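Have a look at the structure below, then the notes.
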Amino acid sequence: MSVADSDRQLSVIILHGPNLNLLGLREPGIYGVSTLAQIDARAIEVGKSLDVVVTPMQSNHEGVLVDAIHAARDRHDGIVINAGAYTHTSISIRDAIAAVQMPTVEVHLSNIYKRETFRHHSYLAPIVIGQISGFGAYSYELGLQALIDHLRSSTAVPS
Ligand code: DQA
């Protein structure tokens, strides 16, 4: 959707990749104790406070994430994505984001640069607005705020 088209509410999709459905249980020393439901509820609340509709979605399947990115084009103004391990492997997800040309922020709970070297490379980093990594569940909130700020400032009419 084009933000400049109307005065309607902004809409953002938050995409979570594989294994993030297990947050809360999964390696809590690395990923924290917040569940995905808690992270999503907080993101929706932050969205409401900023007058933005936030729609979260999680999938363990690469093709489902690619389909969701394609569908986002007609439904949302921007994407916050934690692609999980697909960050480090998926050219398809990178190409999907590049194809839809939607403003996208990449987020990670853990600081991927402090971890194993295979996590240091992100296929998404070169085609997103920016990346937030290492703030636990708060990374999502920071990513959402940064995306909303970007969407609003890039459509602001200069005075
Ligand atoms: C992650 C980091 C990835 O390396 C890992 O595969 C994940 C989660 C994070 O949020 O810190 O699944 O994206």
Side-chain angles (χ1 to χ4, degrees), residues 10-50 52-73 75-151:
L10 287 176
S11 175
V12 167
I13 186 164
I14 300 193
L15 288 175
H16 308 279
N19 300 307
L20 295 169
N21 53 311
L22 297 181
L23 286 178
L25 297 173
R26 177 191 182 200
E27 302 183 85
I30 296 174
Y31 298 115
V33 293
S34 299
T35 64
L36 193 62
Q38 288 167 335
I39 289 172
D40 286 344
R42 178 68 190 142
I44 290 168
E45 191 180 301
V46 169
K48 267 189 195 145
S49 73
L50 297 170
V52 175
V53 180
V54 172
T55 307
M57 183 202 147
Q58 188 273 334
S59 176
N60 293 321
H61 305 278
E62 189 173 20
V64 173
L65 292 164
V66 169
D67 286 343
I69 292 163
H70 294 178
R73 208 168 145 255
R75 297 178 197 157
H76 305 286
D77 301 297
I79 301 173
V80 172
I81 185 166
N82 182 353
Y86 286 141
T87 305
H88 320 297
T89 63
S90 180
I91 298 171
S92 313
I93 292 177
R94 173 207 172 107
D95 284 355
I97 296 168
V100 297
Q101 292 191 298
M102 290 178 68
T104 300
V105 173
E106 174 184 354
V107 301
H108 300 283
L109 296 135
S110 63
N111 180 346
I112 57 175
Y113 303 100
K114 265 176 136 176
R115 301 183 61 197
E116 303 95 325
T117 47
F118 65 82
R119 294 184 204 275
H120 295 181
H121 177 257
S122 164
Y123 276 106
L124 311 187
I127 50 105
V128 296
I129 303 166
Q131 184 195 68
I132 293 172
S133 178
F135 295 93
Y138 191 47
S139 290
Y140 284 94
E141 204 171 318
L142 292 170
L144 183 59
Q145 285 170 352
L147 176 63
I148 293 168
D149 189 69
H150 173 90
L151 290 171

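Computed from a predicted model, the values in this text were never measured in an experiment. One-based numbering, in listed order, for ligands and for the atoms of each.
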Is there a donor-acceptor pair closer than 3.5 Å between any side-chain N or O of Ser92 and the backbone N or O of Ser90? no
Please check if any side-chain donor atom of Glu106 sits under 3.5 Å from a side-chain acceptor atom of Ser122, or the reverse. yes
Any nitrogen or oxygen of Arg115 lying under 3.5 Å from a nitrogen or oxygen in ligand 1? Just yes or no. no
Please determine if Arg119 has a nitrogen or oxygen closer than 3.5 Å to a nitrogen or oxygen of ligand 1. yes
Please work out which of the three classes, parallel, tilted or perpendicular, describes the rings of Tyr113 and His120, given edges at 30° and 60°. tilted
Would you say that Tyr140 contacts His16 through its side chain, given a criterion of any heavy-atom pair below 4.5 Å between the two side chains? yes
Please list, in number order, the atoms of ligand 1 under 4.0 Å from a heavy atom of Ser110. 2 (C), 9 (C), 11 (O)
Taking only heavy atoms of Tyr31 into account, list the atoms of ligand 1 that are under 4.0 Å away from them. 5 (C), 7 (C), 8 (C), 9 (C), 11 (O)
Ligand 1 to His88, heavy atom cutoff 4.0 Å, flagged ligand atoms 3 (C), 4 (O)
Under 4.0 Å, heavy atoms only, figure out whether ligand 1 is touched by the backbone of Arg26, its side chain, both or neither. side chain
Among protein heavy atoms, which lies nearest atom 1 (C) of ligand 1, and at what distance? His108 ND1, 3.7 Å
Check against side chain to side chain contact (heavy atoms under 4.5 Å, CB included), Val128 and Val105: CA-CA 6 Å; Val128 296; Val105 173; over 6 Å; no
Are any of the N/O atoms in Leu109 less than 3.5 Å from those in ligand 1? yes
Mind checking whether Leu20 has an N or O less than 3.5 Å away from an N or O of ligand 1? no
Are His121 and Tyr123, when compared by the centres of their aromatic rings, separated by less than 6.0 Å? yes
For Asn82, counting its heavy atoms only, list the atoms of ligand 1 lying under 4.0 Å from any of them. 1 (C), 9 (C), 10 (O), 13 (O)
Looking at Ala98, is its backbone amide N or carbonyl O close enough to the side chain of Gln101 to form a donor-acceptor pair, meaning the two atoms are under 3.5 Å apart? no
